[in-house]
Structure formats: C-alpha cells, structure tokens
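See below for the structure under consideration.
Since the structure is predicted, the reported quantities are computational estimates derived from the model, not experimental observations. Just so we're on the same page: letters track the sequence lines, and every chain starts at 1.
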There are 2 protein chains.
Amino acid sequence: MENTKKTTIHDIAAKLNVTASTVSRALKGNPRISDSTRKAVLKTARELNYEPNQIASALRSGRTQLIGMLVPTINRSFFSSIIRGVEEVANSLDYRVIVSQSNEVFENEENAVRAFLNARVDGIIASIGKNTQHFDHYKQVLERGLPLVLFDRTTPQLHTSQVVIDDYQGAYLATSHLIAQGCVKIAHFTTERKIDIYKERYRGYVNALEDHGIAPNEALVFSGSLQLEDGRAHAETLLQKKENFDAIFSASDYAAMGAMQVVRENGLKIPEDVALVGFLNEPFTSFTDPPLTTVNQFPIEMGHTAANLFFNALNSEKEKIVTKKTVIQPELVIRASSLKKKP
Amino acid sequence: MENTKKTTIHDIAAKLNVTASTVSRALKGNPRISDSTRKAVLKTARELNYEPNQIASALRSGRTQLIGMLVPTINRSFFSSIIRGVEEVANSLDYRVIVSQSNEVFENEENAVRAFLNARVDGIIASIGKNTQHFDHYKQVLERGLPLVLFDRTTPQLHTSQVVIDDYQGAYLATSHLIAQGCVKIAHFTTERKIDIYKERYRGYVNALEDHGIAPNEALVFSGSLQLEDGRAHAETLLQKKENFDAIFSASDYAAMGAMQVVRENGLKIPEDVALVGFLNEPFTSFTDPPLTTVNQFPIEMGHTAANLFFNALNSEKEKIVTKKTVIQPELVIRASSLKKKP
DNA sequence: ATTATTTATGCAATCGATTGCACAACTAAC
DNA sequence: GTTAGTTGTGCAATCGATTGCATAAATAAT
C-alpha cells in the first residue's frame, strides 16, 4: 500500500472509462448524472482511497473553506474560548480556522489581514487591537466582498456584523449588586476610556450609582492598564490616602486580583471591609480566596455567534450582505468576594 | 478604487509587454531575469497592488504554507500557549496555522487529520488524545512524506519528531523539594498510568522518595481524573482515613487546588500542616491563597520547539527526514504552598 | 413516424502561478 | 569570421477540480 501518489478524479475517470467532468459531477451530487454511474464512481472513489484536493477546488471555485481569525492574544482564556467556539461551528460545516495574533501591535494586525487575504480565506473574524490606528485593512476585506465579523472590540466605523457583550449592563449589574450588599463608596478600576468596552463599563458603573441615589466620586475612579500590578497600585493608593471606600468594581479580573492581595495584606477582610467584583470571569477567579465575583461574558457562545454571523454573511447575496449586531447579555457570577448578606 | 478584481501576474505581464513567466521569475528573484525587467516588474506590481494568489501557487508547487495543528482543547492555558508558540515561529516564516481540537474524542482526531490532509497542509503538529485507539491516521501522514511533530502526549509507535518535557525530572524535583522542606509522608495524585506522562511523574515521585531513603507507600497514591473534584475527594479520603500525611504532590494543578480547598476547610494550615505541589503551572496557581508551588512546562517554548522541529523536517530531504526527540527541562516554581523553611 | 424534450455525458476552457525546454540576441574566444 | 558560451525571455504544459456549452442517446409528445 505504498500509495504515495494521491488519486485524482482522472484516475477514477480512467478506471471507469468516463471523463473527469462526470466524476466531478457524480461526487458533487449533480442531478444530471445517472444513478448507476454515480454509484460506480463512489465505489471506485472509495476503492482508490480518493480524497478531493481542496486546493484545486479552491482555485477553480474561489472558495477555500478557510476562515481567518485574528485575536490580540491566543493564550488568553477569553480569546482562546472564542476561538474554540468559532472552531466548533466552523468544523461542523467543514470549514477550517486559521488563527493569528496581533499582540496588540497595529502592524501585526495589518500583516495578518494581508496574509489572510493572500491565503484566500473566505472571510475574517477579528477583534480589533488596542492600538489600531485606522481600518483600511478591514475595509479592503469588505471591498472584496468578503464577510467580516468583529467581536468584543468593535468600531462603528465599519459597516459589518459584530458580536459584543452588553458591557454597560454587566457593569450596571455588578455595581447594583454591590449597592444591594450595602456598599456606598464603590471604587472603579478602568483604563483610558478610548476603547468602547471600557467606556461602557464606566457608564454602567456611574449610572448604577446615580440610579440608586449615590453621587459618583471621581476620586474613587482609577485608570491604568488593568493588570494585576495596576490593581495593586490602585488599592495601595486608596489605602494610603485613607480614602473612604467599602467596595471595588474593577473592569478586569486581574486588577481585582491585585486589589484582593493588597487589601488582605493590610489586614482587611473581604467582603466585610471591602467587597470586590471583577470582570471577565477568568478561570482563576473561582480559585481565589475568597472566590471572586465577576461578570461572565460567555466567550464560547460569543464564538458560536460570531461564526453564525459569518456564515449568514457568507451565504447572503454579495450585493446585500446581511450585517447584524448581536449583543450578548452578560451574567453576574456572584461569589464570596462580594457576598456580605447571606441570601 | 473599486478594485474588486485581483491583479494577477498576467496583468503585470500585459502592462509590460512580457509574459507571465517573466513576471513570475522576476517576483521570485530568479537570477535569469535582467535587473531592468525585475525593477519594472516590481514597480508595476506595486502600482497594481498585486498580491500573489497562494492557492494557485500551492496547486502548482504543492506547498500550501499551512500547518495543521491538533490539540485536545483549544481553551486550556497549556495548549493555547503552545499554539501561540507555534504561531509565532510559523508566522515569522510566512506559514499559517490551522487549529482543530479533538476534545479527547478519537473520531474527532481522525477527522481532523483527514481534514488537514484534504486542505493539503504541508504537515501536522499534534498532541495525541487520551482515547486514541490506533495511529493509522498519523501513519498516513508519514507515508505521504509530510512532517509530523508530536508534542506533550506522544507515542513510541510513531517514528517522528517529538517534543516533551521531562516529566520524570519535574516530578523528581517536586518531590525532592517537599522532602527538603522536611516532609516525609508525601501523597501523590495521579491518573490511570496508561499515558506516558503520568507514568513518568509517578516514577519521578517514587524514585525521589527512594533516593532519600523514604519507602513509597501505595496507600498515599490516589488515581482519578485529576480534576478539582478528584483532588477534593482524594484529600477528603486522606483526612477521613486519618492517613498520616504531611504533603501532597499532585500531577495536576486542578487536583492540587481541590486538595487545597479541603485542607483549609478542615482547619489545617498550608504549608505548615500540609505542603502542596501541583503540576502544569496553570495561570491560576499564582493567585491561590497561598500561591501554589508547581512545575512549569514552558508551553510557549514547547510551541517554538515543535515549530522548529517541524521546519527541520520540512526542509530535509524526503528520503531522510530528520526525526528528533527534544526533551524540555521543566522548572519547579516554588511558591508559598510548599515553603516551610524560609530560604 | 417525426419532432420535441429530457437525460447523461463529453469537450475544452478556466482558476493563477510555476517551470523545463527552446531559442534569439549578444559577448567572448580563437 | 566562425564557433562556443552566456543571458534574458517566451512557449506551453502542468497542478486537479469545476462548469458552460455542445451533443448523443433515450424517451415522450403529436
């Protein structure tokens, strides 16, 4: 069985004394082929261990059955879960997923999109980088009539399908929950509010306070990179300034974790002295002590949705591509870090 | 600039009154092309915004510049980090990575490999599933002369390049460390020892004990699925049976985490009463209380290595593919959960 | 029995880049 | 000035599957 050479439709054709056209049609289920030939073709194909050459097919048909997927960082739970979600849907439809990461570098993002186009992907699913300067590369994708789906980090500047979570709602839920637990001086950790999602979280935080008759206090709002170290620094500042606060709502689990460490190191109790809520539902949040209340973004479902929007666009007429914005409702995952009142 | 139609080498050729052959050669840096034509071609290519059609190129040359990468689960830190590592090397060489996950289902594994072959990938990088029944699909890959690199979970049944970590050494280091901290009754959490890596960890554990004059005690060895719940169950059993133990070395961080919870719930102190060491260096381990000592497998580096082995094989003569087994030395990451003696 | 229609298949071009071979034009050697 | 060698391009086939158009054969309609 040293079957090094791949069998092609021509091999099947030769064996059956028909042409490659017939074989191709038979394999594709073209109704203009008689039952008997179809069966013979399928039988011979099996015998010869035929596997279609998707490259040849792609060249002729223009469809590669490939989706280019661009994320900032592959090995971040949120993103890898979205990749997982996309892969599940794509695979079930016999599509494959090429992944690339931008590492938040704008140039990488441009290169990745170009590489995808060169590989002739059938479309792209992407999350915009933090340092994206313009959207020309994405516009090219659209101009070529290829489906483009943006998730999580999107922009109104591109007329294309999007999946986001309701960041406002997530933040509103989180803040309201803290208020319901009796907290009134709630700090907020955020980042430069250029990016929509953080803007929205901030807005949700402020609105929840106002809706409950609490005046927002900018002295309690800290901006940084939302990493663990930032959370530590913010918490230390709060403590040093003897700022009066009884809760922290952080726009990221990592910063929340940093704050948790500092608060505990200073002998304060969580949630009694300081209640804590994060955002992301990173896997580690259930393992902290106490476990961290956070906002679940349902990344796998987000991946499913992104893939479904992708195939919707792919299957719609080129002239009237269906663009749709799907907003996923987040869920507040209540754990011990914020639970002052026993339910 | 409604440049919907892609420009091809023929467009460039027409504009310059040469043939496509010349353009192709000029673009590929073939030395038989005069400097003047080459410059003209490159200039025109830029002007017309030419991008090579990799599909056409792939069909003719037989190289798709695609690597198929198969992992059990995309959204597990260890695996997504390896994907990241592979992607970094691949991208720098203008190769792209298609990812698929098996979810530990053997059939999925077979299908993914078949799909990769249909997509005409230039080779495959894979980790074998837990439920793999035979290796025929991988053998097909090798028979076709394609590079195959296995990582983490490998098998001696396939003559191909492999990257693993020295699981024995990791376990030996971990156990020796516990002994150095004064522990003598060290429990071990493992799984059915069919899979090499767990066998090796068990062996490292036993040998470390023996080398330090401690008799291994099978009553302290627990087998399960190594999930958090398993760790909890094992720890509860240990406590209920009033088994005398002063440390646990778990072959997985998750099971270690479960044990940490149970031990603390029972009012015992870590590391004073029970010292704890895990394995994997999952991101959460640095966030537990106390932070968990564990074994770092350097997954990103493992990805780099896998990719390098892949390209070695790819660039070697088909007849004498270089197969190499690389063993990465793990590192014991010592954190508070095992640190009884201040250094 | 003749025409119209359906059914099943073949022909040949096409997708875009690559490449072995041929060949013209020019240079160098004797 | 004839032969040998070098240099730069072109020609045409090829990779494997797909598809519009043509056509032969079989069936239905008149």
Round to the nearest Å and state the distance from B/Glu51 atom CD to C/dA17 atom P.
11 Å
Just how far, in rounded Å, is P of C/dT7 from CZ of A/Arg32?
8 Å
Integer-rounded Å distance: D/dG16 P and B/Arg120 CZ
8 Å
A/His10 NE2 to C/dT9 C1': how many Å, rounded?
15 Å
Of A/Ile125, A/Asp122, A/Val149, the one forming a side-chain contact (heavy atoms from CB on, under 4.5 Å) with A/Ile67 is A/Ile125
Is the phosphate of C/dT18, meaning OP1 or OP2, less than 4.0 Å from a side-chain N or O of B/Lys28?
yes
Residue-phosphate contact under 4.0 Å: B/Ser34 side-chain N/O, D/dT9 OP1/OP2
yes
Tell me whether the side-chain N/O atoms of B/Thr19 come closer than 4.0 Å to OP1 or OP2 in D/dT9.
no
May I ask you to evaluate whether B/Thr22 reaches the phosphate of D/dT9, defined as a side-chain N or O under 4.0 Å from OP1 or OP2?
no
Between D/dG10, D/dT18, C/dG10, which nucleotide gets closest to the side-chain atoms of A/Val18?
C/dG10
Taking it one step at a time, do A/Asn131 and A/Glu104 satisfy side chain to side chain donor-acceptor pair (under 3.5 Å)?
CA-CA 6 Å; A/Asn131 303 308; A/Glu104 310 284 10; 5.1 Å; no
Let me know the distance between CD1 of B/Ile33 and C1' of C/dT18, rounded to the nearest Å.
13 Å
Could you state the CD-C1' distance from B/Gln54 to C/dG16, rounded to the nearest angstrom?
12 Å
The single option from A/Leu70, A/Ile83, A/Val86 that satisfies side-chain contact (heavy atoms from CB on, under 4.5 Å) with A/Val99 is A/Ile83
Out of C/dA17, D/dT18, C/dC21, minimum distance to the side chain of A/Ile9 belongs to D/dT18
Within this structure, what is the CG-to-C1' distance between A/Asp122 and C/dC15, rounded to whole angstrom?
15 Å
In terms of side-chain heavy atoms of B/Arg60, which of C/dT18, D/dT18, D/dG8 is nearest?
C/dT18
A/Asn103-B/Arg84 side chain donor-acceptor pair, cut-off 3.5 Å:
yes
By nearest nucleotide on DNA chain D, pick out whichever of A/Ala56 and B/Ala20 is the more 5' one.
B/Ala20
Tell me which nucleotide among D/dC15, D/dA17, C/dA8 gets nearest to the side chain of A/Tyr50.
D/dA17
Base, sugar-phosphate alone, or nothing: which one does A/Asn17 contact when heavy atoms must sit under 4.0 Å apart?
sugar-phosphate
Consider the side chain of B/Ser57, meaning its heavy atoms from C-beta on, and name the nucleotide among C/dT7, C/dA17, D/dA12 that approaches it most closely.
C/dA17
Are OP1 or OP2 of C/dA17 and a side-chain N or O of B/Ser61 less than 4.0 angstrom apart?
no
Is any side-chain nitrogen or oxygen of B/Ser21 closer than 4.0 Å to OP1 or OP2 of C/dT18?
no
Under 6.0 Å between ring centres, would you say that holds for B/Phe106 and B/His137?
yes
Length of the CG-C1' vector between A/Asn53 and D/dT14, whole Å
13 Å
Looking at every heavy atom in both A/Leu146 and A/Val121, which two are closest together, and how far apart are they?
CD1-O, 3.8 Å
